[in-house]
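Notes follow once the structure below has been shown.
Order of appearance sets the numbers: ligands from 1, and atoms from 1 within every ligand.
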Amino acid sequence: MAYKDLQHFTKHLEEKNLLRRVKTEVDSNLEITEIVDRVSKAYGSALLFENVKNSPYPVLINAFGTYERMNLALEVDDMKDIADEIVDLMDMSNYVSLMNKIKSVPKLARLAKVFPKKVSKALCQEVVEEPDLSTMPILKCWPEDGGEFITLPLVITKDPETGMQNMGMYRLQVYDNKTTGMHWHLHKDGKLIYEKYKKLGGRMPVAVAIGCDPATIYSATAPLPKEIDEMIFAGFLRKAPLEIVKCITNDIYVPANAEFILEGYVNVDELKLEGPFGDHTGYYSLSDMYPVFHLTKITRRKNPIYPATVVGKPPMEDCYLGKATEKIFLPLLKLQCPEIIDMNFPLEGVFHNCVIVSIDKKYPGQAKKVMHSLWGIGQMMYTKMIVVVDKQVNPHDLSTVAWKVFNNIDAARDVVIVEGPLDALDHASNLPYYGHKMGIDATKKWSSEGHTREWPNDIEMTEDIKRLVSKRWKEYGID
Ligand SMILES: Cc1cc2nc3c(=O)[nH]c(=O)nc-3n(C[C@H](O)[C@H](O)[C@H](O)COP(=O)(O)O)c2cc1C
Ligand SMILES: [Mn+2]
């Protein structure tokens, strides 16, 4: 049963004893961050701050902050279940013969549920107010932050050419009671749509949903191709259509189950300094010029909760959203690179800085082919370091991966350095958005790859001796 909304999910977390209510008054200025950071680093509970200074609304934070809660959020025992379902849907043989067509009916029925459903009455419009962000418990996360930031917003825009909507998570810096920054990075869909409005001139309608059911929140962070509406993907994940309602001051449809909706527009020729912001790299992302979002209305429930997240040095809550992406998008990457067995985005690499990938190597140079393919696929282009290992190595076993990398490479032969686009958050490259990326081929090298010497085997004990020692273990009196 899909979660109706964020409060339904919150209740579920509480029933499972995975949420703590904090009744003591806390300050949204830095204090919440320090509390959440300690809880995150201890792999602790979701938190509901019921009494936040200067705001009537409770703050929900760290709701996604463990593997267990992320699985609960997407209602699976393992993220692999979603990946398997995607593989199943993509298996064209299901749709070929008539017999198979009949067999695939349940699957098609599943697809019928993915499309959003328009409704005319919605909880997110119970109260309609003139915009005043000062009533909301918006966090100032870190000491050098440029101000307060809305950290879990679902920014919804509409392509003026195709009429298709996009929903991406882009943080919003509060400038005053009714304007914020609009931090869509250079390569993101929101920015592409903005460029189209820029050609038209004038105002670009924008709506921001704050607090939806967890699958919808996750979908806004998922690296989907621009052609896929995140609200359809949300319907697929939650196995029920997302109900959507038209905004009051523009034509954008927003999730009806949201806690708050910020309606408004971006002037296409107005930019303002945004940042700095303590970001998920563990560093402050640098200030830069970004568009300004003007609010025209706030609509909300009668008793909303305000969801937030704090990002910083990993591991923090957002790492688990990234981990969900690692699993869910594996089958889609395998479509491009069928030799990929598994991949790991280590938490310390914060989404895109590092990927370790295991492959079933069948021809010379294949590890390098995989690196170049990955650098060519969507947001994988940001990956600063790609490590390729053979299929016998589990990419999640960092000790074995490190052992392979340290031992298997000849630096001149196996390290690939390329130049190209980088994520906006990268601070190490000389230029913003552009710099170098590295691939390390830690697979076994073949003579057809120029390694003409013998390649030694991994040291392994024989199975019969292992069995013998296991059987006799007690006799040795070691423990
Ligand atoms: C907590 C969190 C905050 C994020 N903040 C931003 C941001 O401020 N700007 C941005 O461009 N991407 C941000 N992202 C990443 C985007 O949400 C992600 O790249 C998404 O795929 C963008 O959607 P789009 O492809 O429709 O543009 C954030 C992700 C998370 C999990
Ligand atoms: Mn998109």
- Any salt bridge between Glu339 and Lys369, counting N to O under 4.0 Å? yes
- Those atoms of ligand 1 less than 4.0 Å from some heavy atom in Ala222: 21 (O)
- Task: With heavy atoms only and a cut-off of under 4.0 Å, state how Asp189 meets ligand 1: side chain, backbone, both or neither.
- Result: both
- Query: Got the closest protein heavy atom to atom 6 (C) of ligand 1, with its distance?
  - Reply: Met169 O, 3.3 Å
- Item | Proximity of Lys226 to ligand 1 by residue part, where a heavy atom lies under 4.0 Å | neither
- Residues Arg238 and Asp213 bridged, charged N to O under 4.0 Å: yes
- Message: Which atom name would you report as the N, O or S atom of Asp189 nearest the Mn ion (ligand 2)?
- Response: OD2
- Message: Go through it in stages, so that I can follow the logic: the residues are Phe64 and Tyr218, the test is ring-ring contact (aromatic ring centres under 6.0 Å, His included), and I'd like the CA-CA distance, side-chain angles, deciding distance and then a yes or no.
- Response: CA-CA 9 Å; Phe64 299 104; Tyr218 166 72; 8.4 Å; no
- Item | Distance from atom 31 (C) of ligand 1 to nearest protein heavy atom, with residue and atom | Thr221 CG2, 3.7 Å
- min-distance protein heavy atom vs atom 23 (O) of ligand 1 -> Gly168 CA, 3.7 Å
- Query: Identify the closest protein heavy atom to atom 9 (N) of ligand 1: which residue and atom is it, and at what distance?
  - Reply: His183 O, 2.7 Å
- Working for side chain to side chain contact (heavy atoms under 4.5 Å, CB included), residues His294 and Thr296: CA-CA 7 Å; His294 295 262; Thr296 48; 5.8 Å; no
- Item | Plane angle bin for Phe329 and Phe233 - parallel if under 30°, tilted between 30 and 60°, otherwise perpendicular | tilted
- Message: Please report whether ligand 1 has a polar contact with Arg171, defined as an N or O pair separated by less than 3.5 Å (distance criterion only).
- Response: yes
- Task: Quick one: look up the protein heavy atom nearest atom 15 (C) of ligand 1 and list residue, atom name and how far away it is.
- Result: Lys188 NZ, 3.7 Å
- Task: On the 0 to 90° scale, with breaks at 30° and 60°, tag the His185-Tyr290 ring pair as parallel, tilted or perpendicular.
- Result: tilted
- For atom 20 (C) of ligand 1, state which one of Pro223, Ala220, Ser285, Pro153 supplies the nearest heavy atom. Ala220
- Query: Is a salt bridge present between Asp279 and Arg171, judged by a nitrogen-to-oxygen distance below 4.0 Å?
  - Reply: yes
- Output yes when Glu195 and Lys199 qualify as a salt bridge under the 4.0 Å nitrogen-oxygen rule, no when they do not. no
- What part of Gln379, side chain from CB on, backbone N/CA/C/O, both or neither, has a heavy atom under 4.0 Å from ligand 1? side chain
- Task: Just need the protein heavy atom nearest to atom 27 (O) of ligand 1, so name the residue and atom and give the distance.
- Result: Tyr170 OH, 2.6 Å
- Message: Would His183 and Phe149 count as a ring-ring contact (aromatic ring centres under 6.0 Å, His included) here? Give the steps.
- Response: CA-CA 11 Å; His183 191 245; Phe149 286 80; 8.0 Å; no
- Test: Lys297 and Glu130 ion pair at under 4.0 Å: yes
- N/O of Asn166 under 3.5 Å from N/O of ligand 1, yes or no? yes
- Opening angle at the Mn ion (ligand 2) [OE2, Glu230; OD1, Asn166; to 10 degrees]: 100°
